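Presented below is the structure to which this report refers.
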Amino acid sequence: MSLGDTHLTVLGWIGSDPDFKEIGQTPHTSFRLGSTPRQFDRSLNTFVDKPTTWFTVQCWRGLAQNAFESVRIGQPVIVTGRLRTHEWTDDSGEQHSRVILEAFSVGHDLSRGTTTFTKTPPRSEALTESSPQRAESRPAETTASPYPADEFSTTTLPLAPTAPAAEAA
């Protein structure tokens, strides 16, 4: 992160199929994201949609692979990233520019539905998983826990004091 970067979090809907490609040997995924604010109109006594703002979202490396495999057109997501401006000149000499949201994080908006999380294997495992036996031995899906299982004991604490009140005083 550098000074002067504009960081942004956008809640919106996937507006195009994610496009995956490798640039050099770096995975890259891009998709369109539409964000439509709603505002209550007192004269109509109902909510009204305001104009949609469209972003081109770009994901790189591991995020690119995970986003490509996880998000689909029409799904609600939350994207956090940095705004970038891409400028170019077309064949006729006309100048163009567009604003790109270079994503740090992409996730489903769980206020609108549910999702299932599958942990990505560590890079060293992913590189050695070319054999079918190795891929089959790994569980297809894992459940996230708030802390590693071996770090804390699972012994329950008593809800009532075990010592008599006289001993406690």
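Keep in mind it's a predicted model, so treat the numbers as computed, not measured.
For the residue pair E87/H96, the side-chain donor-acceptor check at 3.5 Å is not satisfied. T89 and Q95 form a side-chain donor-acceptor contact under 3.5 Å, judged by distance and modelled atom types alone. A donor and an acceptor atom, one from each side chain of T120 and N66, are located under 3.5 Å apart. T85 and S97 form no side-chain donor-acceptor contact under 3.5 Å, judged by distance and modelled atom types alone.
Between T29 and P18, the shortest heavy-atom distance links the atoms CG2-CB, 3.9 Å. The minimum heavy-atom distance linking F55 with V10 is given by the pair CE1-CG1, 3.9 Å. For the residue pair W54 and T52, the shortest heavy atom distance occurs at NE1-CG2, 3.5 Å. Nearest heavy-atom pair, K50 versus T36, reported as atom, atom and distance to 0.1 Å: O-CG2, 3.3 Å. A pairwise comparison of heavy atoms in D90 and E94 identifies OD1-N, 2.8 Å as the closest pair.
Within the 4.5 Å cutoff, no side-chain heavy atoms of T115 are placed close to those of Q75. Under the 4.5 Å side-chain criterion, counting only non-hydrogen atoms from C-beta, C59 is in contact with V106. Residues I23 and W60 are in side-chain contact: their nearest non-hydrogen atoms beyond the backbone lie under 4.5 Å apart. V48 is listed as a side-chain neighbour of L44, based on a closest heavy-atom distance under 4.5 Å. Side-chain contact check for H28 versus Q58: some heavy-atom pair is nearer than 4.5 Å. Contact check for F20 versus Q65: side-chain heavy atoms found under the 4.5 Å cut-off. With contacts defined as side-chain heavy-atom distances shorter than 4.5 Å, the pair V71/V77 qualifies. Using a 4.5 Å heavy-atom threshold, the side chains of R82 and L8 count as separate.
With S16 contributing its side chain and R32 its backbone, the two residues share a donor-acceptor pair below 3.5 Å. A donor-acceptor pair under 3.5 Å is absent between the side-chain atoms of S35 and the main chain of G12, judged by distance alone. Side-chain N or O atoms of R112 include none that pairs as donor or acceptor with a backbone N or O of H108 at under 3.5 Å. Side chain of T56 to main chain of I100: no donor-acceptor pair is present (N/O by atom type, distance under 3.5 Å, no hydrogens or angles).
Clustering ILVMFWY residues whenever any of their side-chain heavy atoms sit less than 4.5 angstrom apart, transitively, puts V99 in the very cluster that holds L33.
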- Begin with the C-alpha distance, continue with both residues' side-chain angles, and end with the deciding distance and a verdict on side-chain contact (heavy atoms from CB on, under 4.5 Å) for D41 and Q39. CA-CA 6 Å; D41 186 338; Q39 187 174 12; over 6 Å; no
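Residue V79 is tested with I14, V57, L11 for a side-chain contact (heavy atoms from CB on, under 4.5 Å); the sole match is V57.
Once rounded to the nearest 0.5 Å, the distance linking CG of D109 with CH2 of W13 reads 7.5 Å. Of the inter-residue distances, the one linking F68 atom CZ with D19 atom CG reads 8.0 Å to the nearest 0.5 angstrom. Between the CD atom in E102 and the NE2 atom in H86 there is a gap of 12.5 Å [rounded to 0.5 Å].
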